[in-house]
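Structure, as structure tokens:
All ligand and atom numbering here is 1-based and tracks the order in the structure. Numbering starts at 1 and runs along the sequence shown.
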Amino acid sequence: MTDSKPAKAPDRMASLASLCKRRGFIFPSSEIYGGINACWDYGPLGVALKNNLKRLWWQSMTQWRDDIEGLDAAILMHPKVWEASGHVENFTDPLVDCKTCKGRFREDQLETSRCPNKPSKSPKACGGELMPARMFNLMFKTHMGPVEETGSVCYLRPETAQGIYVNFLNVMAPSRQKIPFGIAQIGKAFRNEISPGNFIFRSREFEQMEMQFFVKPGTDEEWFARWRAARMAWHKALGLNAAKLQFHDQTGKELAHYAKAATDIHFEFPFGWQEVEGIHNRTDFDLKRHMQFSGKDLSVFEEATKERYVPYIIETSVGADRLTLTALVNAYAEEEVKPGDVRTVLKFHPAIAPIQAAVLPLVNRDGMPELAREVVQGLKREFRVFFDDGGAIGRRYRRMDEAGTPFCLTVDGDSLKDRTVTLRERDSMAQSRVPIDALAEALRSRSAFEPPAV
Ligand code: ATP
């Protein structure tokens, strides 16, 4: 697909959302019924992209290190968990109603929110009458069992972390880990956000990738610094533009009630600098609260020093959907290939691209489709490969640019004679001849994801 001009910066989110719909990355949930606010469905390319991000995170945490174990805890937990964690009491945002337009806004986001009646203005600046703020709990409440009574109330978890804390000793004993060690988990979380939006940036149902690292008190500041640096390096290894990443160290009132220190990793989205990941020094707050509310001892005994203590926790928490959006925004480009010819391209790191290589027979005859199918067979156990024989080769390249496919392998007349194919690189559009037998190594060496060690 070609256009005549690249989109201007403010339209980039709209262009990206439209590309995501058109190419099958992301759609509004229940779209045939008009959609449901702040819930999204991932299509074939979207789920592949998100799964690739989750897989790299999971491997980085639980496979390439030997001091982190995996866990998959239930979404529904004992309601006391949320009393102990402080969520029943504190997981609130200040909600402001507008008497004029009936809009609802988060008080701390009034400046960046838009009036539904006058979208060029923020609430109040539009002349609307705002009511005093009231605190609103973000947890979704439901009932366990057939009777809807107070005693049966339970919550959809608003974070995955608590499932890790309550299982801390269950994991530590069988895995024979010793402090310091971590537990990683990927799973759904739910928040009844007052003002969701910016496409999938803030939704009401989302996935988190959280890792809780248990350390000896006194070593927490050092571990916090190490994880802070390691997580930033990980995002850079993923190909996120270093100029669009920065730390935001929280101070004073920004700090959550449990945190001794907290740093957010911010990315510059078209709608401003926003959090992608949080790194928190949660002290011994969580384990001590669960000890108090459950009556169970969650302290550990250190054989070497004969000391007993409650570990401190360093948390790293990143949203899988938010990281998917970050990867999409980071990759999205509209490039003028020649005057009047603009290509839309998603420049994903090859390790996360939904399709790593497209195999394209130049024409649909003379044995080219058959050889192309053979190339697909040879690669598909290790790589995500896609066969496309529809339309002119230039149009097929552009379709793959829009899907973010880093390599196109074209089978032509020469391929039949010398068993080589043309390897076209998405970003530079450079082409080279590669023997079919050397393709796997060519793709492997160009797709490596290598995060630095902590
Ligand atoms: P905010 O202050 O923006 O509401 P938060 O500081 O409460 O966010 P955390 O509780 O630290 O966020 O959540 C950890 C991570 O989970 C965030 O960095 C983000 O990537 C992701 N996340 C949190 N809320 C949402 C949401 N509503 N939609 C998508 N991702 C989310």
Suppose we screen for ring pair (Phe, Tyr, Trp, His ring centres under 6.0 Å). Which residues come up paired with H290, at least two apart in sequence or across chains? none

Go through the structure and list residues passing ring pair (Phe, Tyr, Trp, His ring centres under 6.0 Å) with F213, not counting sequence neighbours. W223, W227

Check each N or O atom of ligand 1 against all protein N or O atoms and list the pairs under 3.5 Å, with atom names and distances to 0.1 Å, one per line.
unit_1   : atom_1 : unit_2 : atom_2 : d
ligand 1 : 3 (O)  : R202   : NH1    : 3.2
ligand 1 : 3 (O)  : R202   : NH2    : 2.8
ligand 1 : 4 (O)  : R106   : NH1    : 3.4
ligand 1 : 4 (O)  : R202   : NH1    : 2.8
ligand 1 : 6 (O)  : E275   : OE1    : 3.4
ligand 1 : 7 (O)  : R191   : NH1    : 3.2
ligand 1 : 10 (O) : R191   : NH1    : 3.2
ligand 1 : 10 (O) : R191   : NH2    : 2.9
ligand 1 : 16 (O) : Q208   : NE2    : 3.2
ligand 1 : 18 (O) : E275   : OE2    : 2.6
ligand 1 : 18 (O) : V276   : O      : 3.2
ligand 1 : 20 (O) : V276   : O      : 2.8
ligand 1 : 20 (O) : G319   : N      : 2.9
ligand 1 : 24 (N) : R191   : NH1    : 3.4
ligand 1 : 27 (N) : E193   : OE2    : 2.8
ligand 1 : 27 (N) : S203   : O      : 2.8
ligand 1 : 28 (N) : S203   : N      : 3.0

Below 30° counts as parallel, above 60° as perpendicular, anything between as tilted: where do the rings of H349 and F449 land? perpendicular

Test L53 against K50 for side chain to side chain contact (heavy atoms under 4.5 Å, CB included), laying out the working first. CA-CA 5 Å; L53 289 165; K50 187 159 116 169; 5.5 Å; no

Quick one: which residue pairs count as a ring pair (Phe, Tyr, Trp, His ring centres under 6.0 Å) with a foot in residues 179-202, not counting sequence neighbours? W40-F199, F181-F214, F201-F269, F201-F271

Is the NZ or CZ atom of R191 both under 6.0 Å from the centre of the six-membered ring of F206 and within 45° of that ring's axis? no

